[in-house]
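Here is the structure we will look at, set down as structure tokens.
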Amino acid sequence: MGGTAMTQTSPATQTRTPLIAGNWKMNLDHLQSIAFVQKLAWSLADSKHDYATVEVAVFPPFTDLRSVQTLVTADNLKLGYGGQDVSQHSSGAFTGEISGAFLSALGCRYAIVGHSERRTLHGESDAVVGAKVQAAHRHGVVPVLCIGETTEDLEQHGPSAVPVAQLRAALEGVDAAKGLVVAYEPVWAIGSGQAATPEQAEQVCAALRAVVVELYSSELAQTTRILYGGSVKSGNIAAFMREPNIDGALVGGASLDIDEFAKIVRYQKHIGV
Ligand code: 13P
């Protein structure tokens with residue numbers, strides 16, 4: 001978007017606060033989560049991290065959320081947290097599902113929706129993902145909507161077509177003014193050690209922002225954060241964050257290493273601003 005190249009270098013003109021988010025996936029139990037969040041908060045406090053300049057959030061397993069909430073509240077931490085999924089339903093006979101109402105009651109700011117592992121391992125369709133976006137909204141939780149193409153999609157359709165189609169499908173009937181974060185995570189880059197190039201990721205993120213303009217408005221697109229995810233490390237985050245349409249990262253493996261994650265959060269030190 002015009003002028004957004006400024007956003008990483010000039011907080012005064014920043015229209016989108018960058019978000020660095022750690023998706024723990026099925027790692028760390030509730031006791032481990034307490035130790036982890038405490039150390040992460042200390043590490044970021046030591047380096048005088050300003051959460052207003054770069055927002056930080058973690059996505060622990062559901063069973064950790066109460067522990068994380070208690071710690072965040074007791075120590076008045078500025079760290080956000082959220083669920084890794086949310087049910088499309090609000091309550092009822094849905095064994096094993098977690099309602100957005102429960103996430104909201106635990107102070108979750110966010111819920112990841114439509115992660116590729118849920119799409120492939122749990123058969124979540126675009127329609128289900130869209131229903132989950134709406135469920136998050138019903139309960140005042142901001143969905144972090146994940147989209148991304150497989151290697152086959154890339155070969156057959158090029159870089160943007162599948163993520164763009166997924167975004168359109170998931171946003172059908174969604175009032176995006178209620179808050180939305182988009183996470184572009186190419187499936188081939190997740191856990192592979194082979195991240196997209198910043199140029200590739202920027203191309204797709206720009207196409208995704210154009211969808212938000214088309215479906216809603218350029219004002220909303222200016223404030224909607226679009227993250228990149230897939231083998232993000234401290235060594236490559238700065239290059240992604242230099243791109244005008246990339247507003248943060250959804251980090252998997254590297255978010256489980258406190259020093260590494262803290263370095264990713266502090267990417268501005270490597271970017272030289
Ligand atoms: P990795 O950072 O381990 O590639 O995982 C990315 C991811 O799936 C975050 O949701």
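Residues take their numbers from the sequence shown, with the count starting at 1. Just follow the structure's listing: the first ligand is 1, and inside any ligand the first atom is 1.
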Contact table, ligand 1 N/O with protein N/O, distance under 3.5 Å:
from, atom 1, to, atom 2, distance (Å)
ligand 1, 2 (O), Gly252, N, 2.9
ligand 1, 3 (O), Gly253, N, 2.8
ligand 1, 4 (O), Gly191, N, 2.6
ligand 1, 4 (O), Ser231, N, 2.7
ligand 1, 5 (O), Lys25, NZ, 3.4
ligand 1, 8 (O), Lys25, NZ, 2.8
ligand 1, 8 (O), His115, NE2, 2.8
ligand 1, 10 (O), Asn23, ND2, 3.0
ligand 1, 10 (O), His115, NE2, 2.9
ligand 1, 10 (O), Glu185, OE1, 3.1
ligand 1, 10 (O), Glu185, OE2, 2.9

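Scored by the side chain to side chain contact (heavy atoms under 4.5 Å, CB included) test, Ala105 finds no partners at all (sequence neighbours excluded). Partners of His157 according to the ring-ring contact (aromatic ring centres under 6.0 Å, His included) rule, which considers only residues two or more places apart in sequence or in another chain, do not exist here.
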Pairs under 3.5 angstrom only: tabulate donor-acceptor contacts from the side chains of residues 36-48 to other protein residues two or more places apart or in another chain.
from, atom 1, to, atom 2, distance (Å)
Ser47, OG, Ser43, O, 3.3
Ser47, OG, Leu44, O, 3.2
Ser47, OG, Arg266, NE, 3.1

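With a 4.5 Å cut-off on side-chain heavy atoms, Val251 and Glu260 do not count as touching.
Between Arg209 atom CZ and Ser218 atom OG the span is 11.5 Å, to the nearest 0.5 Å.
Nearest heavy-atom pair across Ser67 and His30 is OG-CB, 3.5 Å.
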